[in-house]
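Every number for a ligand or one of its atoms is a count from 1 in the order of the listing. Keep in mind the model is a prediction, meaning the values are calculated, not measured. Residues take their numbers from the sequence shown, with the count starting at 1.
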Amino acid sequence: MKKTVLITGGAGFIGSWLCDLFHSRGFEVMVLDNLLTGNVKNIEHLFGRPGFVFLKHDVTNYIHVPGRLDYILHFASPASPIDYLELPIQTLKVGALGTHKVLGLAKEKNARLLLASTSEVYGDPLEHPQKESYWGNVNPIGPRGVYDEAKRFAEALTMAYHRYHGVETRIARIFNTYGPRMRLRDGRAVPNFINQALRGQKLTVYGNGMQTRSFCFVTDLVEGIFRLLTSEKPGIEEPVNLGNPEEMTLLELARRTIKMIPGKGKAGERIVFKPLPEDDPRVRKPDISRAKKLLGWKPVVSAEEGLKRTISYFSEQFAQEAKSGSSGRKSGIRNK
Ligand code: UDP
């Protein structure tokens with residue numbers, strides 16, 4: 001009998017890649033998404049296929065799912081710093097109330113649940129690289145607090161359901177991930193830089209660009225999620241970092257993007273510096289020894305290859321937009 005997986009946020013960037021992966025590996029896939037930041041375009045190629053169901057639903061409300069359920073992947077949440085500034089209450093609600101609802105459903109169905117947590121639980125880290133044992137440095141009342149604290153609460157709630165109700169749980173701490181199906185107006189560094197370069201605009205580097213991130217291509221990430229969900233290793237309920245440990249400064253990312261998308265002017269002339277957002281972490285890099293040991297997982301897609309594939313996706317979106325005559329303002333860049 002086919003295993004059944006429910007994916008909340010399945011119409012979003014990472015969620016839709018998970019739909020493809022699980023469906024292609026023979027799972028029945030059911031998506032719950034309220035389409036606040038997700039888009040049905042990301043999954044419409046799966047519509048009408050046997051074993052795929054989409055339900056428009058806000059997971060902060062009671063969830064009823066008929067029949068058997070083996071796995072739940074809780075990926076519903078705004079995930080770009082710009083989104084949590086615009087949607088602070090929804091971000092808190094889906095991390096807190098939504099996680100409560102899906103854990104209740106997992107208990108009811110005897111299903112295993114994987115929580116999409118985040119490197120943001122480490123805040124502006126005082127330990128580098130970040131290991132799962134690090135408790136973090138988060139400002140609870142800053143603009144990013146709505147996401148960081150919701151995810152920290154979600155982790156606490158997940159462990160409580162595991163310990164007190166015996167629900168089988170997994171917690172993935174996901175570091176910066178990029179790739180096709182990110183929104184043009186997502187606002188995060190990779191889509192912003194690529195879209196700015198494609199439009200012949202200057203790339204907006206915040207601060208002096210010396211802050212670092214470690215970017216993981218989405219196909220690597222979803223393979224890690226699959227392995228974490230299906231692993232039965234002792235201690236697997238404790239959080240596992242998933243990300244690419246190749247660290248770079250944001251200025252370096254901007255320069256790489258410029259090199260891959262030719263335009264007018266020297267590299268330096270194609271960059272404009274803007275103020276650093278409040279509480280922007282200065283460094284971020286995962287220690288992935290736990291994932292390597294428990295899951296035999298590490299990223300395999302290089303930054304070069306990942307950026308190439310992402311640029312090609314955005315170029316297509318850009319061409320379609322130009323053809324349909326929609327303005328760059330409507331679907332262009334979102335700065336702070
Ligand atoms: N950033 C930037 N220019 C942009 C968008 C983001 O310099 O147009 C910086 C941002 O300040 C941060 C890093 O890129 O230091 C990563 O930001 P992103 O929004 O992608 O995600 P975060 O890692 O902060 O959650």
Within-cut-off N or O pair, [X] and ligand 1, under 3.5 Å:
| X | answer |
| --- | --- |
| Pro281 | no |
| Tyr84 | no |
| Gln196 | no |
| Asn176 | yes |

message = Could you go through Lys308 and Glu304, starting from their C-alpha distance and side-chain angles, then the distance that decides it, and tell me whether this counts as salt bridge (Lys or Arg N to Asp or Glu O under 4.0 Å)?
response = CA-CA 6 Å; Lys308 216 166 97 189; Glu304 184 73 19; over 6 Å; no
key: pair Phe175-Lys285: side-chain heavy atoms closer than 4.5 Å   = no
message = Do Glu223 and Val300 make a side-chain contact, defined as non-hydrogen atoms from C-beta onward lying under 4.5 Å apart?
response = no
ask   = Which is it for Arg144 and ligand 1 at heavy atoms under 4.0 Å: side chain, backbone, both or neither?
value = side chain
Return yes when [X] approaches ligand 1 closer than 4.0 angstrom through a heavy atom, no otherwise.
| X | value |
| --- | --- |
| Ser80 | no |
| Gly187 | yes |
| Arg284 | yes |

key: salt bridge (Lys or Arg N to Asp or Glu O under 4.0 Å) evaluation trace for Arg213 with Asp280   = CA-CA 11 Å; Arg213 292 295 186 273; Asp280 197 281; 3.1 Å; yes
request  = Go through the steps to decide whether Lys151 and Glu120 satisfy the test salt bridge (Lys or Arg N to Asp or Glu O under 4.0 Å), and finish with yes or no.
outcome  = CA-CA 8 Å; Lys151 290 290 188 184; Glu120 284 282 325; over 6 Å; no
ask   = Do you see a donor-acceptor pair shorter than 3.5 Å between the side chains of Arg284 and Asn176?
value = yes
Option nearest atom 12 (C) of ligand 1 (shortest heavy-atom distance, choices Asp280, Asn195, Asp186) = Asp280
